[in-house]
Amino acid sequence: MTVFDPAGIRVNRRRLLAGAAVTAGMLAAGPLWTGRAQAAAAKATLAYGSTGYTWAVPFVAEAAGTWAEAGVDLNTMEFESGRDSMQALLAGSADFSASTDTPVVFAVLQGLRPLILVNYSRYSRDMKIVVRKDGGIDPAKPASLKGRRIATRVGTSGQYMLAKYLEFAGLAPGDVEVVDLTPNNMTSALVRGDIDGFAWSSQSAAVAERQSGGKTAVMTQDGLEKFFQSHQLLLTTEKVVKEKTELVAGAIRALQGAERRILADGSWADLISRRIHTPPKEILEATSEFTFKIAFDDRFVDDLVAEAEWAIAAGLAKRPAGDLRALFRGLIVDSPLKAVAPDRVTLS
């Protein structure tokens with residue numbers, strides 16, 4: 001396991017005084033925090049992995065001031081990956097971490113215990129299989145990937161999506177050659193012809209199209225949602241849940257406020273465009289594949305178990321003792337959300 005290195009942290013101090021960052025176009029949704037006006041804000045630190053639109057909900061919460069309205073004075077730290085941000089959380093350097101489900105699955109299979117406080121968005125189609133148009137692969141026929149060299153980052157959600165795409169295509173894991181590349185190298189390798197395709201985000205797909213002059217294509221994903229779904233999560237620890245109950249409740253209120261803003265205001269992408277260096281139009285196009293809804297359901301647990309089974313079968317992790325479903329269900333802290341929105345928790 002990678003050792004947490006405090007020297008590698010890029011700290012971004014954001015003091016969000018109540019209401020100061022609320023933009024003029026905010027649609028009224030009622031007060032998020034009804035505490036006394038003079039009450040001191042609870043201090044919290046949130047660790048992010050990267051700066052993409054994957055973190056749209058917590059980024060909007062910052063930009064729209066809903067953390068402050070929920071009584072939270074927020075600091076943020078930014079890392080290169082969700083795995084790194086989760087390690088900062090588990091090391092005690094942060095109260096919360098934004099992560100996709102893949103780092104959580106690998107951490108749990110290693111015996112670690114990140115707690116899942118909020119499942120705030122999910123998608124099935126943001127991760128893409130991008131191929132060369134002149135490479136003999138038919139984007140409308142998933143099985144045409146057979147025998148090809150497909151790049152992704154091994155041990156990430158990209159590799160998991162590729163595995164589920166092969167299942168969707170009726171192919172076996174060994175029917176393609178998986179090439180381990182960093183995201184920055186995938187697009188250039190595809191343009192040069194070193195690989196036949198890559199499995200990564202829609203942002204990378206857009207970059208590849210620009211760099212190749214329109215010579216790349218995205219494989220069809222019709223029906224993929226039955227096989228693959230990625231979840232975006234807010235993680236915390238047992239210590240925070242036990243010792244900072246008001247902070248936990250504030251985090252949920254803050255993300256609820258951000259969800260309302262995204263669903264009610266078509267210009268929400270303007271709030272985070274500069275931060276993630278992406279035009280608002282591109283953000284809206286990419287996140288049109290997202291479901292922005294804070295909720296816990298049985299499909300979420302099903303997806304965690306399925307990903308864990310894949311990691312074990314692929315030799316990337318060892319099977320832990322006990323039942324996998326019980327293991328992951330025990331890491332979901334659903335009572336704070338159930339207390340304010342019982343209809344959003346439908347776990348068995």
Side-chain angles (χ1 to χ4, degrees), residues 46-64 66-67 76-86 88-89 94-108 114-128 153 156-158 160-161 164 183 200-204 224-225 228-236 251-252 254-263 268-269 271-272 275-276 278 283-297 299-304 306-307 328 331-334 336-337 341 344-345:
L46 168 58
Y48 286 110
S50 75
T51 56
Y53 52 74
T54 301
W55 321 123
V57 172
F59 279 174
V60 169
E62 285 188 63
T66 62
W67 281 101
T76 66
M77 299 190 294
E78 295 177 0
F79 296 84
E80 292 186 357
S81 70
R83 180 180 63 182
D84 294 334
S85 68
M86 184 175 59
L89 170 75
D95 301 291
F96 304 109
S97 170
S99 175
T100 60
D101 47 5
T102 300
V104 175
V105 167
F106 278 102
V108 171
L115 299 187
I116 304 167
L117 181 62
V118 184
N119 180 358
Y120 57 81
S121 63
R122 56 210 57 83
Y123 60 75
S124 292
R125 300 189 180 192
D126 183 62
M127 301 294 290
K128 308 291 186 184
R153 195 62 173 146
T156 68
S157 56
Y160 179 56
M161 189 277 289
K164 300 305 285 185
W200 205 246
S201 70
S202 58
Q203 281 181 308
S204 295
L224 182 62
E225 60 275 1
F228 172 77
Q229 184 170 237
S230 178
H231 302 262
Q232 291 71 60
L233 313 172
L234 188 74
L235 308 178
T236 190
I252 291 175
L255 297 194
Q256 285 179 312
E259 179 195 298
R260 287 195 291 268
R261 178 64 181 267
I262 289 172
L263 297 179
W268 66 266
L271 296 175
I272 66 173
R275 179 169 185 174
I276 67 174
T278 305
I283 296 172
L284 292 175
E285 289 176 353
T287 58
S288 66
E289 306 286 357
F290 284 49
T291 298
F292 293 111
K293 182 179 180 180
I294 296 172
F296 287 123
D297 58 18
R299 170 67 191 268
F300 175 48
V301 184
D302 293 343
D303 289 338
L304 294 176
E307 190 163 3
F328 286 107
L331 297 176
I332 299 173
V333 183
D334 60 334
L337 177 59
R344 295 292 187 97
V345 180

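Keep in mind that this is a model prediction, so the values were computed, not measured.
Of the inter-residue distances, the one linking Leu115 atom CG with Leu233 atom CG reads 12.0 Å to the nearest 0.5 angstrom. In this structure, Ser99 OG and Arg83 CZ are separated by 11.0 Å, a value rounded to the nearest 0.5 Å. The CG atom of Leu255 sits 15.0 Å away from the CZ atom of Arg261 when rounded to the nearest 0.5 Å. Within the model, atoms CD of Gln203 and CE of Met127 stand 11.0 Å from one another, a figure rounded to the nearest 0.5 Å. Atom CD1 in Ile283 sits 12.5 Å away from atom OG in Ser288 (nearest 0.5 Å). With rounding to the nearest 0.5 Å, the separation of OG1 in Thr291 from CD in Gln229 is 7.0 Å.
The closest side-chain heavy-atom distance from Arg122 to Arg299 is not below 4.5 Å. Under the 4.5 Å side-chain criterion, counting only non-hydrogen atoms from C-beta, Gln256 is in contact with Arg260. Between Ile116 and Val333 the shortest side-chain heavy-atom distance does not fall below 4.5 Å. For the pair Leu46/Leu234, a side-chain contact is recorded, criterion being any heavy-atom separation below 4.5 Å from C-beta on. A heavy-atom distance below 4.5 Å is found between the side chains of Trp268 and Leu284. Between Val118 and Leu337 the shortest side-chain heavy-atom distance does not fall below 4.5 Å. Using a 4.5 Å heavy-atom threshold, the side chains of Phe328 and Val105 count as touching.
Between Lys164 and Leu224 the shortest heavy-atom distance is O-CD1, 4.4 Å. For the residue pair Ala56 and Phe292, the shortest heavy atom distance occurs at CB-CE2, 4.0 Å. In this structure, Phe96 and Ala251 approach most closely via the heavy-atom pair CZ-CB, 3.7 Å. Closest heavy-atom contact between Thr66 and Ala254: OG1-O, 2.8 Å. Between Ala98 and Ser85, the closest heavy-atom pair is O-OG, 3.3 Å. Here the closest non-hydrogen pair linking Pro114 and Val108 is CD-CG2, 4.2 Å.
Side-chain atoms of Ser124 come within 3.5 Å of backbone atoms of Phe228 as a donor-acceptor pair (strictly under, hydrogens ignored). Side-chain atoms of Thr278 come within 3.5 Å of backbone atoms of Ile276 as a donor-acceptor pair (strictly under, hydrogens ignored). Checking side-chain atoms of Arg125 against main-chain N and O of Glu289 turns up no donor-acceptor pair under 3.5 Å. Panel note: side chain Thr236, backbone Asp95; a donor-acceptor pair is recorded below 3.5 Å. With hydrogens and angles ignored, the 3.5 Å screen pairs no side-chain donor or acceptor of Asp101 with any backbone N or O of Val104.
Below 30°, between 30° and 60°, or above 60°: for Tyr53 and Phe290 the angle between ring planes is above 60°, a perpendicular geometry. Using a 30° and 60° split on the angle between ring planes, Trp55 and Tyr48 fall in the tilted class, from 30° to 60°.
With respect to Asn119, the side chain to side chain donor-acceptor pair (under 3.5 Å) criterion is satisfied by exactly one of Lys293, His231, Arg344: His231.
For Thr102, the side chain to side chain contact (heavy atoms under 4.5 Å, CB included) partners at least two apart in sequence or on another chain are Thr100, Phe106, Ser157, Glu307.
Looking at Ser121 and Gln232, their side chains do bring a donor and an acceptor atom within 3.5 Å of each other.
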